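For reference, the structure is listed below as structure tokens.
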Amino acid sequence: NIQVFDQPANAPLGSAKGVYPGRVVWIFNPDATNKNCTNAYGDGWFLTKNNNQTVIDQMVSLAIQNMTGTSTNTGAWDAIFRYYNQNHGKGSVTYASGEKILIKINATSGWAGNYSTSDLSKINNGYYDIAETSPQVVLSMLRQLVNVVGIAQSNIYVGDPMKHIYKHCYDLWHSEFPNVVYLDHDNYSNLGRVQVTKSAAPLIYYSDKGTVLGSTVLSDQLYTVFQDVNYMINIPQLKGHARAGITLFAKNHLGSHCRDNANHMHPGLVAPSGGNDVRPGAPLYRIQVDLMAHK
């Protein structure tokens with residue numbers, strides 16, 4: 001029951017990028033999730049019982065194949081790596097053994113008070129069912145990277161460096177891929193997590209030079225994992241957001257710097273306080289542009 005259709009192009013700004021420049025692929029299948037999920041405690045949308053992993057795996061396969069115009073997962077990844085490397089000075093080469101890759105997830109609610117400090121499980125409060133990166137999509141991506149591309153588990157990193165990996169995510173991923181490096185902001189080595197480290201000096205400098213973000217927000221340190229890996233796959237949670245309008249790929253990097261939270265970045269969003277202080281129009285400084293443009 002798969003339908004494939006094209007939509008006419010709009011009038012975007014700038015030059016389109018990608019294997020097929022400007023191509024965006026949307027995959028929808030209502031069988032992927034349980035429509036009767038209540039999101040009450042113990043019935044979260046993110047639990048295995050509310051997701052059909054086989055369908056989700058198929059959706060990820062369709063996405064990468066349609067994005068690259070290929071008919072196999074192997075061909076899709078070959079095209080993805082060759083395109084990326086060609087545009088980063090390495091030539092038209094595919095993945096090389098030993099190269100490291102980071103899956104950057106969005107763990108919005110992973111702050112103190114929302115998890116058990118003994119095992120990092122979600123607790124029963126108002127943040128229980130918050131929208132974050134789907135653990136099932138991450139599992140599909142791990143299956144692709146390990147089983148299709150052939151990347152050694154120890155060369156794959158997963159996490160949101162500012163936050164924690166919840167127990168339900170870790171259990172799902174670790175049971176199948178025990179040697180992947182699962183990142184955490186703090187020292188939870190007893191739970192199989194590897195603590196991230198901060199860069200010694202600032203690595204990102206904001207182009208507004210204090211005009212919008214303020215004189216104390218000229219730069220940020222980043223976690224060294226971003227320096228250490230060769231590739232990054234950004235898997236955010238696409239959702240409505242009070243301050244940013246919508247949360248997409250750039251917004252996920254508000255968790256990539258080394259401060260305790262992202263409050264200092266909010267003035268660079270559409271609605272800094274999430275209220276009526278909207279900054280519409282163009283040209284206006286947007287923090288997301290600095291984040292996406294950073295090397």
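When a residue number appears, it is its place in the shown sequence, counting from 1. Since we're looking at a predicted model, the values are computed, not measured.
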Check: With D57, which residues qualify under salt bridge (charged side-chain N to carboxylate O under 4.0 Å, His left out), at least two apart?
Finding: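 R143.
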Test: [X] and [Y] ion pair at under 4.0 Å:
| X | Y | answer |
| --- | --- | --- |
| D43 | K49 | yes |
| K90 | E99 | yes |
| D160 | K104 | yes |

Next item on the list: Sequence neighbours left out, what pairs pass side-chain hydrogen bond (donor to acceptor under 3.5 Å, both in side chains) with at least one residue falling in residues 266-276?
Entry: R243-H266, S273-D277
Next item on the list: Can you sort out the partners of F81 under ring-ring contact (aromatic ring centres under 6.0 Å, His included), two or more places apart, ordered by chain and number?
Entry: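 Applying ring-ring contact (aromatic ring centres under 6.0 Å, His included) to F81 gives W77, Y95, Y231.
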Next item on the list: With sequence neighbours excluded, tell me which residues meet ring-ring contact (aromatic ring centres under 6.0 Å, His included) with Y223.
Entry: none
Note to self: Going by side chain to side chain donor-acceptor pair (under 3.5 Å), name the residues that satisfy it together with N114, two or more places apart in sequence or in a different chain.
What the structure shows: N125
Margin query: Would you say T224 and S199 are linked by a side-chain donor-acceptor pair, where the criterion is simply a distance under 3.5 Å?
Written below: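 No, no side-chain donor-acceptor pair sits under 3.5 Å.
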Item checked: Pair Q65-S71, side-chain donor/acceptor within less than 3.5 Å -> no
Next item on the list: Check the pair Q288 / L269 against side-chain contact (heavy atoms from CB on, under 4.5 Å), numbers first and verdict last.
Entry: CA-CA 8 Å; Q288 296 99 315; L269 298 174; 3.6 Å; yes
Note to self: Could you check whether atom NZ of K239 has more than 12 heavy atoms from other residues, nucleotides or ligands sitting under 6.0 Å from it?
What the structure shows: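 Above 12, so yes.
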Check: Apart from W111 itself, what residues make up its hydrophobic cluster, given side-chain heavy atom links below 4.5 Å?
Finding: Y127, I130
